[in-house]
Amino acid sequence: MYSIHEGSTPNVYYFTTASLITYEVEFIELDETTFPDLRDPKRFYLLDIHPLSVPWNGLPAEDGSIGESLSLLVQQVIAPNNIAIVYSCETTDNREKARFRKFNRWFSRYNDGSFLKYDAEIMSPTRHYLLSVIVQHGPDSYNLVQDFLAVTGLLSQRKPHP
């Protein structure tokens with residue numbers, strides 16, 4: 001696992017990999033303009049992760065410590081705040097399905113069993129969005145997930161990914 005450093009801006013974190021790639025991880029508070037139908041948007045944060053510096057052309061194929069570091073950070077942000085994290089795959093380069101598979105692998109591998117993840121899919125005329133909502137097991141987790149899935153129009157019999 002990589003050492004995670006808190007940024008000078010609230011909810012922003014950084015880590016640098018063994019390959020000298022620096023990642024920025026930001027938890028962006030949702031508001032009424034992003035998802036106007038959420039009952040309590042202040043309890044939902046969008047997870048944004050992206051490389052800031054890549055010392056060569058392209059990213060390495062696999063680095064398990066990235067997933068481990070990211071998972072630990074997500075757990076540390078969710079647990080004390082009783083919030084939900086929303087992960088939305090970047091779609092500009094049509095690699096959202098690969099990103100989604102990798103994120104799902106990380107979640108499955110590093111989830112200690114105290115977190116639930118539900119997936120949603122939104123199709124628009126121009127884009128295909130793959131989303132996940134992550135919550136900690138608890139008395140309010142069902143309400144957070146139900147609220148999010150209702151807003152995405154996908155409240156159904158979906159099962160959580162353990």
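Because the structure is a prediction, the values reported are computed rather than measured. In this chain, numbering begins with 1 at the start of the sequence shown.
Taking the six-membered ring wherever Trp is involved, the centroid distance between the rings of Phe148 and Tyr118 does not fall below 6.0 Å.
The side chain to side chain contact (heavy atoms under 4.5 Å, CB included) test applied to Leu72 returns Met1, Gln76, not counting sequence neighbours. By the side chain to side chain donor-acceptor pair (under 3.5 Å) test, Asp140 is found to be paired with Arg43, Asn143, residues two or more places apart in sequence or in another chain being considered. Among residues two or more places apart in sequence or in another chain, the ring-ring contact (aromatic ring centres under 6.0 Å, His included) test is passed with Tyr110 by none. Scored by the side chain to side chain donor-acceptor pair (under 3.5 Å) test, Thr16 finds Thr22 as partners (sequence neighbours excluded). A search for side chain to side chain contact (heavy atoms under 4.5 Å, CB included) contacts involving Ile28 returns Glu26, Leu46, Asp48, not counting sequence neighbours. By the salt bridge (charged side-chain N to carboxylate O under 4.0 Å, His left out) test, Arg109 is found to be paired with no residue, residues two or more places apart in sequence or in another chain being considered. Partners of Tyr45 under the ring-ring contact (aromatic ring centres under 6.0 Å, His included) rule, at least two apart in sequence or in another chain, do not exist in this structure.
Each salt bridge (Lys or Arg N to Asp or Glu O under 4.0 Å) pair with one or both residues in residues 6-24, not counting sequence neighbours, would appear here, but there are none. The stretch residues 141-152 participates, sequence neighbours left out, in these salt bridge (Lys or Arg N to Asp or Glu O under 4.0 Å) pairs: Arg39-Asp147. Sorted by first and then second residue, the pairs that involve residues 130-139 and meet side-chain hydrogen bond (donor to acceptor under 3.5 Å, both in side chains), not counting sequence neighbours, are Asp119-Ser132. Counting only residues at least two apart or on different chains, no salt bridge (Lys or Arg N to Asp or Glu O under 4.0 Å) pair has a member in residues 72-81.
In the hydrophobic clustering, where aliphatic and aromatic side chains (Ile, Leu, Val, Met, Phe, Trp, Tyr) are joined below 4.5 Å either directly or transitively, Leu20 stands alone.
Here the shortest heavy-atom pairing between Ile4 and Ser69 reads CD1-O, 3.4 Å. Across every non-hydrogen atom of Ile85 and Phe27, the tightest pair is CD1-CD2, 3.5 Å.
Under the 3.5 Å distance criterion, with hydrogens and angles disregarded, a donor-acceptor pair is assigned to the side chains of Asn104 and Lys117.
Using a 30° and 60° split on the angle between ring planes, Phe15 and Tyr2 fall in the parallel class, below 30°.
Here the side chains of Tyr23 and Ile66 are in contact, with some heavy-atom distance below 4.5 Å.
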(message) Please determine whether side-chain contact (heavy atoms from CB on, under 4.5 Å) holds for the pair Leu144 and Val133, giving the CA-CA distance in whole Å, both sets of side-chain angles, and the decisive distance to 0.1 Å.
(response) CA-CA 9 Å; Leu144 286 169; Val133 62; over 6 Å; no
